[in-house]
Trainee: 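Next up is a structure, given as structure tokens.
In this chain, numbering begins with 1 at the start of the sequence shown. Just follow the structure's listing: the first ligand is 1, and inside any ligand the first atom is 1.
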Amino acid sequence: MTVQERTQVGIVGAGPAGLLLAHLLALGGIDSVCVEARSREYCEARQRAGMLESTTVELLRAVGLGGRLDAEGLEHDGIYVQFDGERHHLNFRELTGGRWITIYAQTEIVKDLIAARTAAGAALEFEVSDTTVTGLDSDRPVLSYTDRGGERHVVTCDVIAGCDGFHGITRRSIPAGGLTMLAERCYPYAWLGILAAAPPSTDEVIYCRHDRGFALHSMRTPEIGRLYLQVPADEDAGRWSDDRIWAELATRFAVPGWSLTRGPVLQKSVTPMRSFVAAPMRYGRLFLAGDAAHIVPPTGAKGLNLAVADVAALATALIRLTRDGDRELADAYSDYCLERVWRSTHLSWWMTSMLHITPGQDQFESELQLAQLRHLVSSRTAAAMLAETYTGYAPLRFDPTTRLEAARLWPSVA
Ligand code: FAD
Ligand code: DHB
């Protein structure tokens with residue numbers, strides 16, 4: 001049997017982008033249906049990002065999602081950068097005149113959003129299959145899917161939001177020629193990430209360049225560490241025993257007088273590293289947001305923050321479009337987001353290139369990396385450039401009420 005339905009915004013994907021979009025639209029009085037291929041449990045447990053820009057934190061607070069974030073998030077002033085066996089602190093709060101960063105896992109943001117949507121009685125369907133989007137260049141695009149019980153739903157929408165990540169179906173539903181830019185860079189290495197029942201051995205995150213490869217020491221709570229190692233592209237996580245992981249981490253992070261606390265590895269996985277930008281982030285009545293439109297390598301922690309920034313702009317634009325019939329913000333959405341996307345793409349490419357060892361890397365490349373790192377830790381100007389981009393850009397404005405034009409609502413992030 002097929003059920004015919006109607007909503008204002010059909011949302012594909014219940015990752016951070018899709019869930020936050022549904023939440024913001026509801027604040028502006030707009031209905032949505034959000035469909036997700038995976039189970040709720042899977043979405044809530046999927047280990048990914050953890051570092052939030054202060055601008056992301058401020059937005060989440062402003063829209064009623066600050067409760068657990070403020071109680072459990074770990075606020076940091078800056079980061080450590082390590083190379084040549086020495087660790088240096090960069091104080092972003094001081095360098096930026098007050099901006100900071102917060103460790104609060106993507107899993108927790110997703111749990112908070114699902115709880116808020118569920119409490120509001122929202123249309124949020126997990127474990128759907130055969131999702132399709134059609135009629136994208138008409139005024140009534142259609143989202144179709146089969147629910148967990150096998151029933152087919154055909155939902156007529158005003159707009160569809162593609163929030164279904166890099167491997168989703170929405171970007172690929174755009175006809176040939178509908179995307180004018182597909183820029184991509186694959187990196188010849190990957191990250192092995194672990195979650196460990198080991199108290200963090202550092203008060204703030206450490207980014208470490210070592211001749212054996214990059215390492216990152218982050219954390220989730222005062223009891224749980226989150227650590228990463230550069231490994232070959234396509235590495236099999238099964239080749240890394242707990243002992244091997246801890247020994248490699250201890251070697252790369254070694255500095256005199258410091259030791260790494262070990263503990264049981266709770267989860268491990270390998271993440272490929274890629275930069276990708278598709279543009280424009282819109283085709284007719286389909287709007288792309290988050291990883292569906294762009295991917296960055298994780299160094300610099302921009303992926304989740306970009307998804308939040310896209311959605312703050314998109315929600316405001318879609319509220320104006322569907323409630324007021326005002327197209328100005330919807331028309332400005334892609335150009336506005338792409339400015340930030342490219343700035344974050346540059347930051348993550350730059351941090352990745354400066355800190356990782358490329359297979360076959362020669363001394364010339366190594367010396368260039370070390371020269372940049374020495375400059376970063378010795379020049380206030382160089383450190384301030386990183387601090388400014390790392391902690392966020394212009395504030396994220398979600399504003400369903402005032403009628404500011406695009407240029408004033410979303411000032412340039414350049
Ligand atoms: P996603 O989180 O990918 O959500 C998309 C959702 O759409 C998924 O739940 C998916 O199941 C669903 N979906 C896909 N296809 C369909 C369909 N056909 N029908 C219905 N639903 C569908 N960023 C960092 O800053 N730091 C990190 O350490 C980090 N680690 C990462 C590790 C991995 C393995 C990955 C993949 C990403 C990582 N990122 C990291 C990036 C960050 O997690 C993403 O930028 C963020 O998840 C983007 O959110 P999103 O909602 O756009 O996409
Ligand atoms: C984390 C991930 C990152 O990619 C990063 O640059 C910093 C922190 C994290 O998972 O905590």
Trainee: Answer with yes or no whether R46 contacts ligand 1, where contact means a heavy atom under 4.0 Å from a ligand atom.
Mentor: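 It does; at least one heavy atom falls under 4.0 Å.
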Trainee: Of the choices A14, G15, P16, which has the non-hydrogen atom that lies closest to atom 49 (O) of ligand 1?
Mentor: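 Looking at heavy atoms only, the winner is P16.
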Trainee: Run the ring pair (Phe, Tyr, Trp, His ring centres under 6.0 Å) test on Y80 and Y207 for me, step by step, so that the C-alpha distance in whole Å, both residues' side-chain angles and the decisive distance to 0.1 Å come before the verdict.
Mentor: CA-CA 6 Å; Y80 293 97; Y207 287 88; over 10 Å; no
Trainee: Of the options R285, R140, R323, which is the one that meets D158 in a salt bridge (charged side-chain N to carboxylate O under 4.0 Å, His left out)?
Mentor: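 Among the candidates, only R140 passes.
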Trainee: Quick test: of every protein heavy atom, which one is nearest to atom 20 (C) of ligand 1, and how far off is it to 0.1 Å?
Mentor: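 Answer, as residue, atom name and distance: A37 N, 3.3 Å.
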Trainee: Can you list the ligand 1 atoms lying under 4.0 Å from a non-hydrogen atom of I169?
Mentor: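 The list of qualifying atoms is 18 (N).
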Trainee: Give a yes-or-no answer on whether the side chains of W342 and S344 include a donor-acceptor pair shorter than 3.5 Å.
Mentor: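 Short answer, no.
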Trainee: For atom 1 (P) of ligand 1, what's the nearest protein heavy atom and its distance?
Mentor: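 Of every protein heavy atom, R48 NH1, 3.3 Å lies nearest to atom 1 (P) of ligand 1.
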Trainee: Write none if no such pair exists; otherwise list each N/O atom of ligand 2 with its protein N/O partner under 3.5 Å and the distance.
Mentor:
unit_1: ligand 2; atom_1: 4 (O); unit_2: P298; atom_2: O; d: 2.6
unit_1: ligand 2; atom_1: 6 (O); unit_2: Y207; atom_2: OH; d: 2.5
unit_1: ligand 2; atom_1: 6 (O); unit_2: P298; atom_2: O; d: 3.3
unit_1: ligand 2; atom_1: 6 (O); unit_2: G300; atom_2: N; d: 3.1
unit_1: ligand 2; atom_1: 6 (O); unit_2: A301; atom_2: N; d: 3.3
unit_1: ligand 2; atom_1: 10 (O); unit_2: R220; atom_2: NH2; d: 2.6
unit_1: ligand 2; atom_1: 10 (O); unit_2: Y228; atom_2: OH; d: 2.6
unit_1: ligand 2; atom_1: 11 (O); unit_2: S218; atom_2: OG; d: 2.6
unit_1: ligand 2; atom_1: 11 (O); unit_2: R220; atom_2: NH1; d: 2.8
unit_1: ligand 2; atom_1: 11 (O); unit_2: R220; atom_2: NH2; d: 3.4

Trainee: Decide ring pair (Phe, Tyr, Trp, His ring centres under 6.0 Å) for H88 and F83; before the verdict, give the C-alpha distance in whole Å, the side-chain angles of both, and the deciding distance to 0.1 Å.
Mentor: CA-CA 9 Å; H88 308 258; F83 57 96; 5.1 Å; yes
Trainee: Does ligand 1 have an atom that lies less than 4.0 angstrom from a heavy atom of Y145?
Mentor: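 Y145: no contact with ligand 1 (<4.0 Å).
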Trainee: Could you pull out, from G300, G165, S173, A49, the option with a heavy atom nearest to atom 24 (C) of ligand 1?
Mentor: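 Going through G300, G165, S173, A49 one by one, A49 has the nearest heavy atom to atom 24 (C) of ligand 1.
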Trainee: Is E94 salt-bridged to R380, going by a charged N under 4.0 Å from an acidic O?
Mentor: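 Salt bridge: yes.
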Trainee: Quiz question: by atom type and distance under 3.5 Å, do the side chains of H153 and E5 form a donor-acceptor pair?
Mentor: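 A donor-acceptor contact under 3.5 Å links the two side chains.
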Trainee: Show the atoms of ligand 1 that are less than 4.0 angstrom away from any heavy atom in G303.
Mentor: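 Selected atoms, number and element: 25 (O), 45 (O).
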Trainee: With a cut-off of 4.0 Å, which atoms of ligand 1 are near a heavy atom of G290?
Mentor: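 Counting atoms of ligand 1 from 1, those under 4.0 Å from G290 are 52 (O).
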Trainee: Would you please indicate yes or no on a ring centroid separation below 6.0 angstrom for W191 and F214?
Mentor: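 F214 vs W191: aromatic centres under 6.0 Å.
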Trainee: Would you say the side-chain atoms of K111 pair up with the backbone N or O of Q106, donor to acceptor, closer than 3.5 Å?
Mentor: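 No, the answer is negative, given that no donor and acceptor are paired below the 3.5 Å cut-off.
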